[in-house]
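Accompanying notes for the structure given below.
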Amino acid sequence: MEAAKKVSKGMLWTSYVLQGIVVLMFLMGAITNLMQTEMAVEGAVSMGYPEGSVVYLGVVLLIATVLYAIPKTMFIGALLLTAWLGGAVATHIIHGDPIGNTLFPVIFGIVVWASIMLRNTQLRALF
């Protein structure tokens with residue numbers, strides 16, 4: 001708790017807002033995969049993933065997102081989401097997608113870690 005005392009209210013709330021945005025975006029993705037919506041299935045298949053893998057991808061994303069949303073497991077969740085986003089970058093590069101599609105997961109990964117760094121002075125001290 002000592003680290004939390006040194007963080008200003010503005011930085012703390014900014015980190016909560018950023019984390020909330022990340023959680024909502026990833027939850028939407030996980031839910032669409034779990035529901036096997038037409039958009040999710042078509043998107044996965046167009047990227048080369050088997051149609052049957054959509055549910056498994058949704059489960060993995062849901063677990064990672066829930067871990068990221070819980071304060072005690074936030075770091076492991078962030079690591080898993082970073083791995084997920086790395087896979088997204090690799091998939092976009094393999095398919096020769098436009099640079100915007102490739103950079104979006106990178107930017108999202110930066111936001112994942114920025115939300116943690118804003119409230120964790122020990123992690124900020126590393127930079």
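Residue indices begin at 1 and follow the sequence shown. Bear in mind that the values here come from a model prediction, so they are computed numbers and not experimental data.
When every heavy atom of L34 is checked against every heavy atom of V55, the shortest pair comes out as CD2-O, 3.7 Å. Between L61 and G29, the closest heavy-atom pair is CD2-C, 3.9 Å. Looking at every heavy atom in both residues, A69 comes nearest to V23 through CB-CG2, 4.0 Å. G58 and A30 make their closest contact through O-CB, 3.7 Å (heavy atoms, listed as atom of the first residue, atom of the second, distance). Considering every non-hydrogen atom in both A78 and T82, the closest pair reads O-OG1, 2.6 Å. Of all heavy-atom pairs between R124 and M117, the closest is NH1-O, 3.0 Å.
Residues satisfying the side chain to side chain donor-acceptor pair (under 3.5 Å) criterion with T32, sequence neighbours excluded, are absent altogether. Listed by chain and residue number, R119 satisfy the side chain to side chain donor-acceptor pair (under 3.5 Å) test with S15 (two or more places apart in sequence, or in another chain). Not counting sequence neighbours, the partners of D97 by the side chain to side chain donor-acceptor pair (under 3.5 Å) test are H92. Residues satisfying the side-chain contact (heavy atoms from CB on, under 4.5 Å) test with V66, not counting sequence neighbours, are L62, I70. Applying the side-chain contact (heavy atoms from CB on, under 4.5 Å) criterion to L67, with sequence neighbours excluded, gives I63, T73, I76, L80.
A ring-ring contact (aromatic ring centres under 6.0 Å, His included) check over residues 53-81, counting only residues at least two apart or in different chains, returns nothing. Listed by first and then second residue, the side-chain hydrogen bond (donor to acceptor under 3.5 Å, both in side chains) pairs that reach into residues 36-54 are Y49-T91, sequence neighbours excluded. Within the structure, the ring-ring contact (aromatic ring centres under 6.0 Å, His included) test picks out the following pairs touching residues 98-127 (sequence neighbours left out): F26-F108, F104-F108.
Residues M35 and V54 fall into different hydrophobic clusters, defined by Ile, Leu, Val, Met, Phe, Trp and Tyr side chains chained together at heavy-atom separations under 4.5 Å. Residues M39 and V41 do not share a hydrophobic cluster, clusters being chains of Ile/Leu/Val/Met/Phe/Trp/Tyr side chains in contact below 4.5 Å. Under a hydrophobic clustering in which Ile, Leu, Val, Met, Phe, Trp and Tyr are joined whenever their side-chain heavy atoms come within less than 4.5 Å, directly or via other members, M25 and L118 fall into the same cluster. No single ILVMFWY cluster, assembled from side-chain heavy atoms under 4.5 Å apart, contains both M74 and L24. Note on L103 and V112: separate hydrophobic clusters, where clusters join Ile, Leu, Val, Met, Phe, Trp and Tyr whose side-chain heavy atoms are under 4.5 Å apart, directly or indirectly.
Around atom CE of M47, more than 12 heavy atoms belonging to other residues, nucleotides or ligands sit under 6.0 Å away.
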Residue pair I21, V111: steps toward the side chain to side chain contact (heavy atoms under 4.5 Å, CB included) verdict
CA-CA 9 Å; I21 291 168; V111 173; 6.0 Å; no
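Think of I93 as one node in a network of Ile, Leu, Val, Met, Phe, Trp and Tyr side chains linked at under 4.5 Å; its network also takes in V89, V106, I110.
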